[in-house]
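Single-structure report; data block below.
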Amino acid sequence: MKPSSASSFGRDVPSAFDGRISLPDASAVFVYASIADLNVAVARRIAKSAALSIGARGVFRIALAGGETPRGCYRELRKMPIDWNCVHVYFGDERCLPRGDAGRNDTMAREELLSHVAIPAANEHAIHAERGAQIAAPEYAVRLQGALPLDLVLLGMGGDGHTASLFPGNAAAAQGDLVVPVFNAPKPPAERVSLSVAALNAAREKMFLVAGRAKRGALAQIAQGAALPAAQITGAEWHIDRAALPEGMI
Ligand code: 6PG
């Protein structure tokens with residue numbers, strides 16, 4: 001299999017691990033010895049993407065990922081030389097919980113990043129998921145429409161191969177709208193709002209952050225061609241720590 005391009009990246013992050021995994025439709029796969037290395041490397045790549053977007057278009061529109069994996073990367077991102085005045089933050093998905101709830105993805109983003117950088121409040125575009133998925137999804141689609149194409153979408157992946165709030169076998173994963181209401185999600189809370197596969201794929205750049213043993217099975221399935229929701233995202237960079245590498249793929 002084609003070696004990943006982590007080695008070219010290894011010079012930046014001394015302990016980057018040059019793994020051997022190829023994922024269908026990936027634009028590149030980077031494997032790191034640790035999540036700490038992944039966090040630094042991805043933060044640097046986001047800063048580079050921001051500089052190029054702002055240089056070219058005067059703005060950088062990024063959709064942040066939720067869950068736990070991105071926390072460390074967001075902490076590293078605080079340190080990066082980014083012109084936050086020109087950054088607009090969106091969210092790949094949001095959980096239908098009250099504003100400020102600790103379980104919300106925007107709460108985590110605010111804790112780990114947004115409250116530590118000089119981003120204008122008007123540049124934070126939260127999903128109003130507290131209003132319920134049926135109302136919040138179309139409302140966000142109207143607000144997002146004017147921001148397309150996003151410059152960069154950050155994505156996590158669950159152990160079942162879901163991404164954003166698009167879960168295997170859930171009707172939302174197959175919907176073509178820009179933003180979709182999600183019901184009966186297997187990962188609590190059951191009700192969520194998510195950008196659709198089409199909306200995520202429309203971004204100029206996509207980066208997955210995948211770490212930990214719990215992701216090995218889904219990565220192995222995707223490497224073997226399984227059409228899991230995360231595998232529907234094409235042309236993405238996959239940033240993976242060694243712990244998430246499937247058995248025998250080193
Ligand atoms: C969410 C996220 C979800 C997350 C994955 C991975 O709302 O939970 O949008 O897609 O990225 O479930 O979560 P961890 O990073 O916590 O493993």
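Atoms within each ligand, like the ligands themselves, are counted from 1 in listed order. Given the structure is predicted, the values throughout are model-derived calculations rather than measurements. Heavy atoms only: backbone and side chains are in, while hydrogens, waters and symmetry mates are out.
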Is it true that Leu144 and Ile135 fall in one hydrophobic cluster, defined by side-chain heavy atoms closer than 4.5 Å?
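The answer is no; the residues belong to distinct hydrophobic clusters.
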Candidate with minimal heavy-atom separation from atom 3 (C) of ligand 1, of Gly66, Ala164, Ala65, Gly212:
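The nearest heavy atom belongs to Ala164.
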Where the closest heavy atom to atom 9 (O) of ligand 1 is concerned, which of Asp93, Leu155, Leu64 has it?
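Result: the heavy atom closest to atom 9 (O) of ligand 1 is in Asp93.
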Nearest 0.5 Å, please: how far is [atom2] in [Y] from [atom1] in [X]?
X: Thr234; Y: Leu23; atom1: OG1; atom2: CG; answer: 13.0 Å
X: Leu113; Y: Met80; atom1: CG; atom2: CE; answer: 11.5 Å
X: Tyr140; Y: Leu195; atom1: OH; atom2: CG; answer: 6.5 Å
X: Ser194; Y: Gln175; atom1: OG; atom2: CD; answer: 10.0 Å

Tell me: protein heavy atom nearest [atom], and distance?
atom: atom 13 (O) of ligand 1; answer: Lys187 NZ, 3.3 Å
atom: atom 15 (O) of ligand 1; answer: Thr69 OG1, 2.6 Å
atom: atom 17 (O) of ligand 1; answer: Lys215 NZ, 2.7 Å
atom: atom 6 (C) of ligand 1; answer: Met157 O, 3.5 Å
atom: atom 16 (O) of ligand 1; answer: Glu68 N, 2.8 Å
atom: atom 1 (C) of ligand 1; answer: Arg95 NH2, 3.2 Å
atom: atom 5 (C) of ligand 1; answer: His162 NE2, 3.3 Å

Heavy-atom contacts with Arg192 under 4.0 Å: which atoms of ligand 1 show up? List them by number with element.
1 (C), 7 (O), 8 (O)
Residue Gly156 vicinity, atoms of ligand 1 by number, heavy atom under 4.0 Å:
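Near Gly156, meaning under 4.0 Å from one of its heavy atoms, ligand 1 has 11 (O).
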Determine whether a donor-acceptor pair (N or O, by modelled atom type, separation under 3.5 Å) exists between the side chain of [X] and the backbone of [Y].
X: Arg192; Y: Ala164; value: no
X: Asn105; Y: Gly67; value: yes
X: Lys206; Y: Leu155; value: no

Hey, does Asn105 come in under 3.5 Å of ligand 1, counting only N/O atoms on both sides?
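Yes, at least one N or O pair falls under 3.5 Å.
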Any nitrogen or oxygen of Thr163, side chain or backbone, less than 3.5 Å from one on ligand 1?
no
For ligand 1, indicate whether the residue Glu94 contacts it via side chain, backbone, both or neither (heavy-atom separation under 4.0 Å).
neither
Testing Phe30, Phe208, Tyr32 one by one against Trp238 for a ring-ring contact (aromatic ring centres under 6.0 Å, His included), which residue passes?
Phe208
